[in-house]
Amino acid sequence: MCAPLIGALSDVYGRKSFLLITVFFTCAPIPLMRISPWWYFAMISVSGAFSVTFSVIFAYVADITQEHERSTAYGLVSATFAASLVTSPAIGAYISTFYGDNLVVLLATVVALLDICFILLVVPESLRDKMRPNFWGAQISWEQADPFSSLKKIGKDTTVLLICITVFFSYLPEAGQYSSFFLYLKQIIGFNQGSIAAFIAVVGILSIVAQTVFLSILMRSIGNKNTVLLGLGFQMFQLAWYGFGSQPWMMWAAGAVAAMSSITFPAVSALISRCAESDQQGVAQGMVTGIRGLCNGLGPALYGFVFFLFHVELGGLVPVPSSDDKTTSKDPGEEGAIVPGPPFLFGAIAVLLAFLVALFIPEHSSLSKNVVGGKHSISSNSQGNADRGGSEDIEPLLQDTSV
């Protein structure tokens with residue numbers, strides 16, 4: 001709910017302030033991990049309303065780049081995120097092993113403070129002054145502040161609707177995968193801690209290469225929409241391989257395919273950025289981030305439910321009494337199941353639906369101003385009186401006959 005709202009407000013008041021707010025609330029729960037579990041739970045619940053950094057960052061990138069540069073820029077942003085996933089688990093595990101968890105939390109807090117100081121002192125404002133009000137007390141309409149406003153208008157534009165459905169079905173299994181995959185590798189496939197750390201590093205490095213080198217080449221050669229379709233194809237293949245794979249080498253091979261599937265999100269962000277006006281980038285990216293946030297809640301629950309239905313227990317190995325009355329551990333993955341990882345197969349089916357929906361996304365279009373809120377008039381909506389009949393339920397500007 002809050003991602004489109006924060007994106008819309010950043011379109012009015014500028015990116016830097018909301019980048020500072022979102023990063024602060026994303027990092028605020030970190031020191032509370034060692035202070036109080038209850039305070040940590042309370043803060044991380046509140047931070048969910050504000051920790052939508054990607055919608056502001058991608059809108060910032062759109063402000064400072066030309067249209068033909070955005071896919072590469074989005075790829076670099078996603079690649080740096082992947083780079084952090086490569087380095088931070090290994091660093092955290094090393095420090096925790098030799099110096100304890102307290103130092104891990106302290107170091108993470110220091111890094112978070114440095115990040116906030118960097119934004120405050122170094123990062124410039126990207127939104128031009130003429131597009132922002134002269135003071136923070138300027139009024140905005142309820143429609144701009146309504147967190148449901150953007151979501152209610154998704155269905156009024158064909159392109160926005162198709163992109164949001166594509167993001168939902170493609171990110172739902174990805175969010176579920178994040179919550180359970182490494183536990184699945186350890187308990188079902190037989191990976192040890194070192195193998196999991198190496199797997200994260202290798203897939204992360206390959207993702208960086210995919211999002212920096214291959215993404216820009218694909219965007220130039222086959223176009224934005226086809227790059228999204230190719231990424232979805234890789235994701236579908238990767239999830240099916242995870243689902244049917246029962247050997248460690250299969251997971252490594254599927255991980256390489258997963259790295260190529262990482263081009264999907266920056267390509268989708270570039271696609272919706274091309275469709276939005278310069279003063280609509282925040283709310284447009286906020287729609288995508290909002291859908292991803294919804295998936296972050298539903299995906300883990302879906303994967304857990306499917307694991308439960310197929311009696312795959314990730315809470316620990318099942319103790320089985322042996323003939324000599326000693327307790328041994330029975331690996332659920334050794335029961336000869338045809339599909340060792342059922343949720344991943346369900347995820348592949350969801351991505352197939354996303355692929356079919358993405359086929360109908362127009363290659364070149366521009367979003368209706370009524371979908372993302374139009375030009376932000378701070379004091380009045382006098383310029384909006386030219387709407388036919390003044391009704392909110394007007395026809396979208398896009399008339400895509402193929403859909």
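- Here the side chains of Ile30 and Cys27 are in contact, with some heavy-atom distance below 4.5 Å.
- Side-chain contact between Asn226 and Leu229 is present, with heavy atoms from C-beta onward closer than 4.5 Å.
- Using a 4.5 Å heavy-atom threshold, the side chains of Ile35 and Trp39 count as separate.
- Residues forming a ring pair (Phe, Tyr, Trp, His ring centres under 6.0 Å) with Phe81 (at least two apart in sequence, or on another chain): Phe54.
- More than 12 heavy atoms of other residues, nucleotides or ligands sit less than 6.0 Å from atom CZ of Phe191.
- Lys16 has its side chain out of reach of Leu20: every pair of non-hydrogen atoms, C-beta onward, lies at least 4.5 Å apart.
- A distance-only check finds a donor-acceptor pair linking the side chain of Lys225 to the backbone of Ile361 [under 3.5 Å].
- For the pair Lys186 and Asn192, the minimum side-chain heavy-atom distance is 4.5 Å or more.
- The nearest pair of heavy atoms linking Ala253 to Trp241 is CB-CH2, 3.3 Å.
- With a 4.5 Å cut-off on side-chain heavy atoms, Leu215 and Pro266 count as touching.
- Side-chain atoms of Asp115 never come within 3.5 Å of backbone atoms of Val111 as a donor-acceptor pair (strictly under, hydrogens ignored).
- Annotation: side chain of Leu345 is not in contact with side chain of Leu239 (no heavy-atom distance under 4.5 Å).
- How far CD1 of Ile217 is from CD1 of Ile222: 11.0 Å, rounded to the nearest 0.5 Å.
- The CG atom of Leu76 sits 10.5 Å away from atom OG1 of Thr65, with the distance rounded to the nearest 0.5 Å.
- Smallest separation of non-hydrogen atoms from Tyr74 and Ala62: OH-CB, 3.6 Å.
- Taking CE from Met250 and CD1 from Ile189, the interatomic distance works out to 9.0 Å, rounded to the nearest 0.5 Å.
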Item to check | Residues Ile44, Leu32; criterion side-chain contact (heavy atoms from CB on, under 4.5 Å); working and verdict | outcome: CA-CA 9 Å; Ile44 206 168; Leu32 298 176; over 6 Å; no
Checklist entry - Would Thr72 and Met219 satisfy side-chain contact (heavy atoms from CB on, under 4.5 Å), going step by step from the backbone distance to the final call? => result CA-CA 8 Å; Thr72 303; Met219 291 289 287; over 6 Å; no
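- With a 6.0 Å cutoff to the six-membered ring centre and a 45° limit on the axis angle, Arg15 does not count as a cation-pi contact of Tyr60.
- Taking the six-membered ring for Trp and the full ring otherwise, the centers of Phe344 and Tyr184 sit less than 6.0 Å from each other.
- Residues Gly231 and Ile263 approach most closely at CA-CG1, 3.9 Å, considering heavy atoms.
- Ring centroid separation for the pair Tyr242 and Phe181 comes in under the 6.0 Å cut-off.
- The distance from atom OG of Ser10 to atom CD1 of Ile21, rounded to the nearest 0.5 Å, is 10.5 Å.
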Item to check | Verdict with reasoning, Ser45 to Phe41, per side-chain contact (heavy atoms from CB on, under 4.5 Å) | outcome: CA-CA 6 Å; Ser45 301; Phe41 174 78; 4.0 Å; yes
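- Here the closest non-hydrogen pair linking Pro173 and Val351 is CG-CG2, 3.7 Å.
- Rounding to the nearest 0.5 angstrom, the gap separating the CZ atom in Phe234 from the CZ atom in Phe214 is 9.0 Å.
- For the atom pair Ile205 CD1 and Ile200 CD1, the distance stands at 12.0 Å (nearest 0.5 Å).
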Donor-acceptor pairs are to be reported for all side-chain atoms of residues 97-109 against protein atoms at under 3.5 Å, with residues two or more places apart or in another chain.
from   : atom 1 : to     : atom 2 : distance (Å)
Thr97  : OG1    : Ala93  : O      : 2.8
Asp101 : OD1    : Ser96  : OG     : 2.5
Asn102 : OD1    : Arg34  : NE     : 2.7
Asn102 : OD1    : Arg34  : NH2    : 3.3
Thr109 : OG1    : Val105 : O      : 2.8

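- For residues 249-265, the set of pairs meeting the side chain to side chain donor-acceptor pair (under 3.5 Å) definition, not counting sequence neighbours, comprises Gln211-Ser262, Gln238-Ser261.
- Inter-residue side-chain proximity for Cys295 and Leu298 is flagged as unmet; no heavy-atom pair is nearer than 4.5 Å.
- Summarising the geometry of Ser170 relative to Gln235, their closest heavy-atom pair is O-NE2, 2.7 Å, with the distance given to 0.1 Å.
- The heavy-atom pair separating Ala350 from Phe169 by the smallest distance is O-CB, 3.3 Å.
- Side-chain atoms of Tyr171 do not come within 3.5 Å of backbone N or O of Ile291 as any donor-acceptor pair.
- Ser273 places no side-chain N or O within 3.5 Å of a backbone atom of Ser269 that could act as its donor or acceptor partner.
- Side chain of Thr80 to backbone of Val77: a donor-acceptor contact under 3.5 angstrom is found.
- For the residue pair Thr227/Asn224, the side-chain donor-acceptor check at 3.5 Å is not satisfied.
- Between Phe265 and Phe58, the distance from one ring center to the other falls under 6.0 angstrom.
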